[in-house]
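Remember, it's a predicted structure, so these values are computed and weren't measured experimentally.
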Amino acid sequence: MKKILFALCIILTVTNCNDDFIKRSSLTQIAENNFWQSEQDAFLALNGVYSTLQSKSLYGGNLNGWQGFPGFDGLGDNAFNQYKWEGLGLFMEGTIDPSSGQLGAIWNDLYRGIARANAVIKNVQTISEDLVSADTKKELLGQGYFLRALFYFNLAVYYEDAPLITEPQTLENAYVPKNTYAEITAQIVEDLKLAVDYLPTSQPDNLYGYATKGAALGLFARVQLYNHQYDGDYGVLKLTEQAMGLGYSLDPNYAALFTPEKEQSPEIVFSIRFLRGAATNNGETFSGTYQGTPKVDQRPMPNLVNDYYCIDGLPVTSSPLFNPADQRQNRDPRATATIYFKGDQYYDDPVKVFPGNGPTSYGMRKYIRRGPDAEGNASYGEGSQDFYLIRYADILLMRAEAMAETGDLSGATGLVNQIRDRVGMPHVEAVEGAVNQTQMIDIVRHERRVELALEGLRFMDLKRWGEVEDGFNRAAADPVGSYNPQYLGGRSEVFPIPQNEIDVNSNLVQNPVWQ
């Protein structure tokens, strides 16, 4: 089976009408007495947690609507959300507010996932080993801890202070106050310690898509990198060292990597899986596009395009190989694999050539479909492209960054060279030469940008580097029509808590920068 079918089935049974109706259980809380009766129930519940990741506000995306995390390079300097009303463009221009439906949707879906993960963790801990073996219980718990950490990490990055809920709730304890970013992060760390310990190195083919030890190590490294925790048993260096010993490798074909055919490449550490179909109900639209122009609502910014070097390893501002009349020529192959330039064929059936129109004059190529699928389904409908949450290239770059930050310049150089080798770009020593620590940090940051562009990580990188304002300024300096990014301090670095959540919960207080 190519994909896991994510569906949580809870059956409510109505009994005969008699006087027992006056003894009914609460109609506002899920009954547990007819669920958690078998291993199948436990896996159904776990699949329900995974299904939350597929929501449009998280990783499923939209063609005309909130982009979800795959579109989050629109926060910063990598991409322009041409349909600004979808939320990202409004956030960049400083005109969004706590009543935004888009921000409310992401908050709600993250907490929906957390609630389902909490139910899995609690019930798997207590279910009898006569029903679920000890080994299976351990792996199920590892999945629950991994997923809860993922949901909370997104909350920590984008909302910072938020309620920390680790047990199933009832109406009586539903109205909780915020916890601090530090408290949320501490819980994420504890969850990921358990996930690393409990999860297997690989999954059988029929469970491909469930988290593994490598996925937990990769997410853990991302969390620790975000918090500048490089050393120690749970620092980036140790975590990435463990992940590098699990058999992952860079795919030799970068351009083909972001297609359904490469979804099980040895480079993919963890992905959000999708399968379009009437029987599955879990297709995605983040890879969707219309015929008339590639991915109209997410346009690569000129400053991103200009950051791709020429094949001699030099910037376009200094390389003699750069041709302003045809910017595709002699460029880092990742540029033409990620971006459509004027003259590129972007649609195959019927054939369409990109005229270089649109507000930025560039089109998004990475992940984006090139026509109807094999069954004739339109490119603007639901598709089956997995979204790669963690790639092995990212693990190497996280390690390179930690090495650069801790002074291991040789180690960082070797990892950057490994990334460049995959696309035939020259080594650091051949172009940049001998570098100091500050220069090496800049090299790694540049490599992250061009390797991971349009994969939803740019805002997270800018924020942990303290460069959000710089990103806004670069976006504002690009000649992009009526786009007016403006940096507003904290309001440009953290989402507001949705107003309707504050209205119904008197214990919940808005983030100070949004008060």
Side-chain angles (χ1 to χ4, degrees), residues 76-77 153 156-157 181-182 185-186 188-189 192-193 196 214 216-246 248-250 269 307-309 313-315 318 332 334 390-423 425-453 455 457-471 474 493:
D77 50 4
F153 182 53
V157 170
Y181 173 86
T185 300
I188 293 169
V189 168
L192 288 173
K193 287 179 182 178
V196 169
L217 288 166
L219 179 60
F220 206 168
R222 182 174 291 173
V223 170
Q224 296 298 66
L225 188 72
Y226 188 81
N227 291 295
H228 311 288
Q229 301 297 311
Y230 309 120
D231 293 311
D233 289 342
Y234 298 105
V236 178
L237 293 171
K238 182 67 72 174
L239 294 168
T240 53
E241 179 184 33
Q242 293 177 65
M244 289 171 66
L246 295 178
Y248 300 106
S249 61
L250 296 176
V269 179
D307 219 9
Y308 285 92
Y309 295 159
L314 295 176
S318 59
D332 181 333
R334 290 170 293 191
I390 304 169
R391 292 197 284 121
Y392 186 58
D394 189 13
I395 287 178
L396 296 181
L397 287 169
M398 288 191 286
R399 183 171 179 80
E401 184 171 336
M403 286 178 161
E405 292 284 354
T406 55
D408 184 355
L409 307 189
S410 176
T413 296
L415 291 170
V416 169
N417 289 343
Q418 189 175 340
I419 296 291
R420 291 183 177 181
D421 281 343
R422 188 245 296 266
V423 291
M425 289 294 287
H427 284 190
V428 172
E429 302 92 332
V431 181
E432 288 91 350
V435 296
N436 60 32
Q437 185 176 19
T438 299
Q439 292 169 322
M440 191 69 237
I441 290 171
D442 288 342
I443 289 169
V444 173
R445 291 181 180 184
H446 168 267
E447 206 65 27
R448 278 192 68 83
R449 188 181 197 192
V450 298
E451 173 69 27
L452 303 171
E455 296 181 44
L457 296 173
R458 181 61 172 172
F459 182 77
M460 194 180 299
D461 284 347
L462 291 172
K463 190 171 178 179
R464 65 188 172 80
W465 294 335
E467 293 185 0
V468 173
E469 183 174 6
D470 294 337
R474 281 189 290 270
E493 302 202 6

Step-by-step side chain to side chain contact (heavy atoms under 4.5 Å, CB included) determination, Arg391 to Leu452: CA-CA 9 Å; Arg391 292 197 284 121; Leu452 303 171; 3.3 Å; yes

OH (Tyr234) with more than 12 external heavy atoms under 6.0 Å: no

First locate atom [atom1] of [X], then atom [atom2] of [Y], and finally report the distance between them rounded to the nearest 0.5 Å.
{"X": "Met244", "Y": "Leu415", "atom1": "CE", "atom2": "CG", "result": "5.5 Å"}
{"X": "Leu397", "Y": "Met403", "atom1": "CG", "atom2": "CE", "result": "12.0 Å"}
{"X": "Glu432", "Y": "Leu314", "atom1": "CD", "atom2": "CG", "result": "8.5 Å"}
{"X": "Leu396", "Y": "Ile419", "atom1": "CG", "atom2": "CD1", "result": "4.5 Å"}
{"X": "Ile395", "Y": "Leu250", "atom1": "CD1", "atom2": "CG", "result": "10.5 Å"}
{"X": "Asp77", "Y": "Asp307", "atom1": "CG", "atom2": "CG", "result": "8.5 Å"}

Aromatic plane relationship, Phe153 with Tyr226 - under 30° parallel, 30 to 60° tilted, over 60° perpendicular: perpendicular

Can you see which heavy atom on [X] is nearest to which on [Y], and at what distance?
{"X": "Val428", "Y": "Asn417", "value": "N-OD1, 2.9 Å"}
{"X": "Glu451", "Y": "Glu455", "value": "O-OE2, 3.4 Å"}
{"X": "Ala404", "Y": "Met440", "value": "CB-CG, 4.0 Å"}
{"X": "Ala400", "Y": "Val416", "value": "CB-CG2, 4.5 Å"}
{"X": "Arg422", "Y": "Ala393", "value": "NH2-CB, 3.8 Å"}
{"X": "Ala221", "Y": "Val236", "value": "O-CG2, 3.8 Å"}

Is a salt bridge present between [X] and [Y], judged by a nitrogen-to-oxygen distance below 4.0 Å?
{"X": "Lys193", "Y": "Asp233", "result": "no"}
{"X": "Arg449", "Y": "Asp461", "result": "no"}
{"X": "Asp231", "Y": "Lys238", "result": "no"}

For Gln437, side chain to side chain contact (heavy atoms under 4.5 Å, CB included) partners two or more places apart: Leu409, Ile441

Side chain to side chain contact (heavy atoms under 4.5 Å, CB included) involving Asp470 - partner list, sequence neighbours excluded: Glu467, Arg474

Selection residues 400-421 - residue pairs positive for ring-ring contact (aromatic ring centres under 6.0 Å, His included), sequence neighbours left out: none

Sequence neighbours excluded - salt bridge (charged side-chain N to carboxylate O under 4.0 Å, His left out) pairs with any residue from residues 396-416: Glu401-Arg464, Glu405-Arg445

Check against side chain to side chain contact (heavy atoms under 4.5 Å, CB included), Val189 and Phe220: CA-CA 7 Å; Val189 168; Phe220 206 168; 3.9 Å; yes

[X] side-chain N/O to [Y] backbone N/O, donor-acceptor pair under 3.5 Å:
{"X": "Glu429", "Y": "His427", "answer": "no"}
{"X": "Lys463", "Y": "Val468", "answer": "no"}
{"X": "Asp332", "Y": "Arg334", "answer": "yes"}

Tyr308: partners by ring pair (Phe, Tyr, Trp, His ring centres under 6.0 Å), with sequence neighbours left out: none

All ring pair (Phe, Tyr, Trp, His ring centres under 6.0 Å) counterparts of Tyr230, not counting sequence neighbours: none

The single option from Leu246, Ile390, Thr240 passing side chain to side chain contact (heavy atoms under 4.5 Å, CB included) against Leu217: Leu246

Step-by-step side chain to side chain contact (heavy atoms under 4.5 Å, CB included) determination, Asp394 to Val269: CA-CA 10 Å; Asp394 189 13; Val269 179; over 6 Å; no

Side chain to side chain contact (heavy atoms under 4.5 Å, CB included) evaluation trace for Met398 with Arg448: CA-CA 9 Å; Met398 288 191 286; Arg448 278 192 68 83; 3.8 Å; yes

